[in-house]
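Residue numbers begin at 1 in each chain, while the letters A, B, ... track the order of the sequences. Bear in mind the structure is a predicted one, so any value in this text is a computation, not a measurement.
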Amino acid sequence: MSLAARIAGSTLFFALTFATAGTAIAQSRYNLQPPATGVASQIYDLHTLMLIICLVIFIGVFGVMFWAVFRHRKSRGAVAANFHENTTVEIAWTVVPVLILLGMAWPATQTVIEMKDTADPDITIKATGYQWKWGYDYLQGEGEGIRFVSNLSTPRAQIEGGAPKNEAYLLEVDNPLVVPVGRKVRILTTAADVIHSWWVPAFGVKQDAIPGFIRDAWFRADAEGIYRGNCAELCGRDHGFMPVEVHVVSAAAYTAWVAERQAASAASAADDTREFTLAELVERGAQVYATNCAACHQPNGQGLPPAFPALDGSPVVRGEAAGQIAVVLNGRPGTAMAAFGQLLSDADIAAAITFTRNTWSNSSGEAVQPAAIAAARGG
Amino acid sequence: MSAVIPDHLHDHHHPAPGGLMRWITTTNHKDIGTMYLVFSFIMFLSGGVMALTIRAELFQPGLQVVQPEFFNQLTTMHGLVMVFGAIMPAFVGFANWQIPLMIGASDMAFARMNNWSFWLLPPAAMLLIGSFFVPGGATAAGWTLYAPLSVQMGMGMDLAIFAVHIMGISSIMGAINIVVTILNMRAPGMTMMKMPLFCWTWLITAYLLIAVMPVLAGAVTMILTDRHFGTSFFNAAGGGDPVMFQHIFWFFGHPEVYIMILPAFGIVSQIIPAFARKPLFGYASMVYATASIAILSFVVWAHHMFTTGMPVAGQLFFMYATMLIAVPTGVKVFNWVATMWRGALSFEPPMLWATGFIFVFTMGGFTGLICAIAPIDIQVQDTYYVVAHFHYVLVAGSLFALFAGAYYWLPKWTGVMPSETLGRLHFWCSIVFFNITFFPMHFLGLAGMPRRIPDYALQFADFNAMASVGAFGFGLSQLIFIAVAVRCARGIGQRATARPWDGAEGLEWTVPSPAPHHTFETAPVLR
Ligand SMILES: [Cu+2]
Ligand SMILES: [Cu+2]
């Protein structure tokens, strides 16, 4: 659609919605996303109820006001009355709103209580916010022990306008969260650096992820499907680029997914004890770097000083391997540099470090092996 | 501004310095009021340019105009500049001009402190705007400055912290001045319950300012020490709590919302009766409603924090308390409508703006009530729904009331009637473009678009394009006001009589237009 047509189109929408505010309620374009959990549908209904009550009051009050605006005009010969108080009326319009509010508070209270009831989950997953990705740890229930990191998968070229945009532009990730349908999933949220917020609108879940603290929320998805959301708390530069993607699958598909994940992590555990050649490490490291480091240190290694230092030519990268291993494993507290020790496997960290030490103008020629990372973790 | 420098200056017994020194050294409430108003309008335009850059980036999906880090600086500074640089000083400007005139006082109680409260503002503004040019740029942590993000920022954050400190001191001094003036300098016979409502709302606002500005200063100071002096107020690793910052910030922040709206209620309560030619309905209940809003505003702060994960009891308490605020706010709207009912209404520009205010502000009030419902808020918190909500109350609320007041009192300030044609044009352009800009944001937020993002998913494209078009229209419409104000200041247009609006009541209309440099040197006596 051309730009002009789009503007014309949206102006028309606007006019229509003004005219049909009531009927617009059914369409998600103008309303909350179609709910996929019990709590989300309660929220949806609460919102509809509120909208109707407010609309009725609005029409009542402004009906009176516009009547006065058009009828009680000086230019139409209106003569001002002189009343300026009426105790009965004033008490009425204080008490009646209180009663209406009580009517609203009752269903809202029930929903609040239900939202907070995170007891007895089938599966517990910890979601950790990092600048700017989500890490997931399956802590309890089927799939326990699975952990992975979920990054935005929309290519940079689409964001910068070099390529046409996908349908799920900015709402797609490399490793989505997978959960079984109809099961109570408890999400524990926390963060490594700043506050993030884990939000899936269709589930009615938005829970801040606070560094150093753990909070929780829960959902039980009613239907299989792909549900998308975002980080909802400003968390720095790429706050708009850390989506949440949840795949709700059947119990059987979930079991299959768990098996596949566990096999993959066994393979990666084997990697952690292997010796690699320099070329293998650099190749693997380029991948790891692109998904985990390039957002800050940039693909060309120049960083974005002063916020994010260059790794190309950095004294830490040029210096002893042990120094760089310590930075990457433990991060630098109080800065955006996260402790990647909790996020990546030994092999991936070794590869990323080897890559940065052997690319751009850095050329140590030295391969840092997973064993060195394991040793650094140990001591 | 030449017309606000009345010739009476020369008749006066002590010679006043001329030129720039006059403005730097002035202790006259009218001069200081004018400076506040001009300053706030300049800040309004700078904040507006930031807003338009934001809207230009959001016109289409993808990154076109600015990079994400600069985008975050823009949203942050737009908020800080509009709140602390435009809206708050504008109301103080109104207070300076109008309170002495309305209560029959010769000037503000502490005239020299008044000069100082104004002159603190330009340096603060320079720190704030100048922070764009330091290494790392301005702070990009959002106007709410949440820790630990704000602890991560570059030195732009330190400049913002100092700017907030200075503006806070200025506000506190201004507030003390207003309280003392109102309590001690009313003309004989003007009891508290005879005082114009604008003075009442400002009296209550001034108490709010004195109560909460120090809290904000404390919060930003803690960020400063966390940043540079190794404290851990908001750092869990050192035993602190990031959420603590939010509690402290919003303990300031919610009353701050009323600091920005109560004086607006006051202005509208002056204008509606004047153009309905009928006394204000329920004067006493207006005063009580204002006071109860102010008191309630101290116990609702955590409604900004429903998603931080408070215990059930906390969520319920803050939900109920917030809903209660709808009652006194409703009383105000009902009183205004009852004042218009069976009046003899006419719609000169001040009344147009005031009526527009009631209509559009009330929409913001309703979305506020919807946000008060904790489960709904959890869905819409940090989305464009909230952006729509607070622009309905701050732009259609505070800003529209400021324009209403400006059109109402410009004759008194300058001696010239503001152009009616331009005033109407300004109003109709503003209200139409305002709604084109902000109404679709409700839909965006409900459908799931987070706020403070430079790029968005494709389903949000149409409404964003529309909001951007509206925003540019709204921004350009504000230039009309410059034309209106400059014409008045230059003396172009019809001369104003002492009481140019036939329904207007109050002491300010008993002095000539433009108001002489010194008024009420001997106090007027009421009835
Ligand atoms: Cu974020
Ligand atoms: Cu609030």
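For D193(A), the parts lying under 4.5 angstrom from a heavy atom of chain B are both the backbone and the side chain. The contact between Q131(A) and chain B is made entirely by side chain atoms (from C-beta outward), counting heavy-atom distances below 4.5 Å. Both the backbone and the side chain of M323(B) come within less than 4.5 Å of a heavy atom in chain A. For V337(B), the part sitting under 4.5 Å from any heavy atom of chain A is the side chain, from C-beta outward, and nothing else. Heavy-atom distances place the backbone of C235(A), and not its side chain, under 4.5 Å from chain B. Interface remark: R73(A) contributes backbone and side-chain atoms alike to the contact with chain B (heavy atom separation under 4.5 Å). For I53(A), no part lies under 4.5 angstrom from a heavy atom of chain B. The contact between A140(B) and chain A is made entirely by backbone atoms, counting heavy-atom distances below 4.5 Å. With a 4.5 angstrom heavy-atom cutoff, R227(B) does not touch chain A via any of its atoms. Contacts of T355(B) with chain A are made by both backbone and side-chain atoms, with heavy-atom separations under 4.5 Å. Of the two parts of P279(B), the backbone and the side chain both hold a non-hydrogen atom closer than 4.5 Å to a non-hydrogen atom of chain A. When heavy atoms are compared at a cutoff of 4.5 Å, F62(A) approaches chain B solely by way of its side chain, counted from C-beta outward. Within the 4.5 angstrom heavy-atom criterion, atoms from both the backbone and the side chain of L369(B) approach chain A. Residue contact with chain B, scored on non-hydrogen atoms closer than 4.5 Å, involves the backbone and the side chain of M65(A) alike. In this structure, chain A has a heavy atom under 4.5 Å from the backbone of A147(B), while its side chain stays farther away. Looking at I195(A), both its backbone and its side chain come within 4.5 Å of chain B, counting heavy atoms on both sides. In this structure, the portions of Q207(A) lying under 4.5 Å from any heavy atom of chain B include both its backbone and its side chain. Proximity to chain B involves both the backbone and the side chain of V64(A), based on heavy atoms less than 4.5 angstrom apart. Neither the backbone nor the side chain of F71(B) has a heavy atom closer than 4.5 Å to any heavy atom of chain A. Looking at Q73(B), there are no atoms closer than 4.5 Å to chain A (heavy atoms on both sides), in backbone or side chain. For A108(A), the parts lying under 4.5 angstrom from a heavy atom of chain B are both the backbone and the side chain. For A141(B), the part lying near chain A is the backbone, with the side chain staying farther off; criterion is any non-hydrogen pair under 4.5 Å.
Distance check, rounded to the nearest 0.5 Å: CD1 of I57(A) to OG1 of T362(B) gives 11.0 Å. The line from CE of M319(B) to CE of M104(A) is 11.5 Å long, rounded to the nearest 0.5 Å. Considering OG1 of T308(B) and CD of E233(A), their distance stands at 9.5 Å, rounded to 0.5 Å.
Options A78(A), S197(A), C54(A) differ in how many heavy-atom pairs under 4.5 Å they form with chain B, and the most are formed by C54(A). Here L149(B) is the residue among I358(B), N235(B), L149(B) with the most heavy-atom pairs under 4.5 Å with chain A. With respect to chain A, the highest number of heavy-atom pairs below 4.5 Å among G240(B), P375(B), P450(B), A236(B) belongs to P375(B). Comparing A232(A), G240(A), G161(A) by how many heavy-atom pairs each has under 4.5 Å with chain B, the most go to A232(A). Chain A forms the most heavy-atom pairs under 4.5 Å with one residue out of I378(B), I373(B), T75(B), and that residue is I378(B). Between chain A and the residues D226(B), I370(B), V380(B), the largest count of heavy-atom pairs under 4.5 Å involves I370(B). Taking chain B as the reference chain and counting heavy-atom pairs below 4.5 Å, the highest number among L170(A), I210(A), N82(A), D238(A) is found for L170(A). Between chain A and the residues V333(B), N335(B), V151(B), L324(B), the largest count of heavy-atom pairs under 4.5 Å involves N335(B). Residue with the most contacts toward chain A among A457(B), S346(B), G503(B): A457(B) (heavy-atom pairs, distance under 4.5 Å).
Across every non-hydrogen atom of P211(A) and P148(B), the tightest pair is CG-CG, 3.8 Å. When all heavy atoms of P306(A) and P135(B) are compared, the pair lying nearest together is CG-C, 4.1 Å. Residues N230(A) and G448(B) share a closest heavy-atom pair of OD1-O, 4.0 Å. Nearest heavy-atom pair, P97(A) versus V327(B), reported as atom, atom and distance to 0.1 Å: CB-CG2, 4.4 Å.
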| said: Using the rule given for side-chain contact (heavy atoms from CB on, under 4.5 Å), can you reason through Y146(B) versus V194(A), listing the C-alpha separation, both sets of side-chain angles and the distance that settles it, and then say yes or no? | reply: CA-CA 9 Å; Y146(B) 276 11; V194(A) 300; over 6 Å; no
| query | Checking side-chain hydrogen bond (donor to acceptor under 3.5 Å, both in side chains) for the pair T307(B)/D208(A): CA distance, chi angles, key distance, verdict? | reply | CA-CA 6 Å; T307(B) 61; D208(A) 289 0; 3.0 Å; yes
| query | What's the verdict on side-chain contact (heavy atoms from CB on, under 4.5 Å) for V69(A) and M340(B), showing C-alpha distance, side-chain angles and the deciding distance? | reply | CA-CA 8 Å; V69(A) 165; M340(B) 292 168 78; 3.6 Å; yes
| task | Start with the C-alpha distance between W199(A) and T383(B), add both sets of side-chain angles, then the distance that settles side-chain contact (heavy atoms from CB on, under 4.5 Å), and finish with yes or no. | result | CA-CA 11 Å; W199(A) 179 34; T383(B) 70; 3.4 Å; yes
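The six-membered or imidazole ring of F460(B) lies away from that of Y169(A), with a centre-to-centre distance of 6.0 Å or more.
The salt bridge (charged side-chain N to carboxylate O under 4.0 Å, His left out) test applied to R277(B) returns D502(B), not counting sequence neighbours. Considering only residues two or more places apart in sequence or on other chains, R452(B) meets the salt bridge (charged side-chain N to carboxylate O under 4.0 Å, His left out) condition with none of them. Every residue meeting the ring pair (Phe, Tyr, Trp, His ring centres under 6.0 Å) condition with F361(B), not counting sequence neighbours, appears here in chain and number order: F265(B), F357(B).
Side-chain contact between I453(B) and H239(A): present, with at least one pair of heavy atoms (C-beta onward) separated by less than 4.5 Å.
Below 4.5 Å, heavy atoms of chain A meet heavy atoms from G309(B), M310(B), V312(B), Q315(B), L316(B), all part of residues 309-318 of chain B.
For K206(A) (side chain) and Q381(B) (main-chain N/O), a donor-acceptor pair under 3.5 Å exists by modelled atom type. Although no hydrogens or angles enter the test, the distance criterion places no donor-acceptor pair under 3.5 Å between the side chain of E85(A) and the main chain of G282(B). Judged by distance alone, the side chain of N72(B) and the main-chain N or O of G236(A) form a donor-acceptor pair under 3.5 Å. Put simply, the side chain of Q379(B) gets close to the backbone of P201(A): a donor and an acceptor are under 3.5 Å apart.
Taking the six-membered ring where the residue is Trp, F281(B) and F83(A) present perpendicular rings, their angle passing 60° and hence far from 30°. Taking the six-membered ring for Trp and thresholds of 30 and 60 degrees, W93(A) and F334(B) have ring planes inclined between 30 and 60 degrees apart.
Under a cut-off of 6.0 angstrom, the local environment of OH in Y288(B) is sparse, with at most 12 non-hydrogen atoms contributed by other residues, nucleotides or ligands.
Looking at D462(B) and R29(A), a side-chain N of the basic residue comes within less than 4.0 Å of a carboxylate O on the acidic one, giving a salt bridge.
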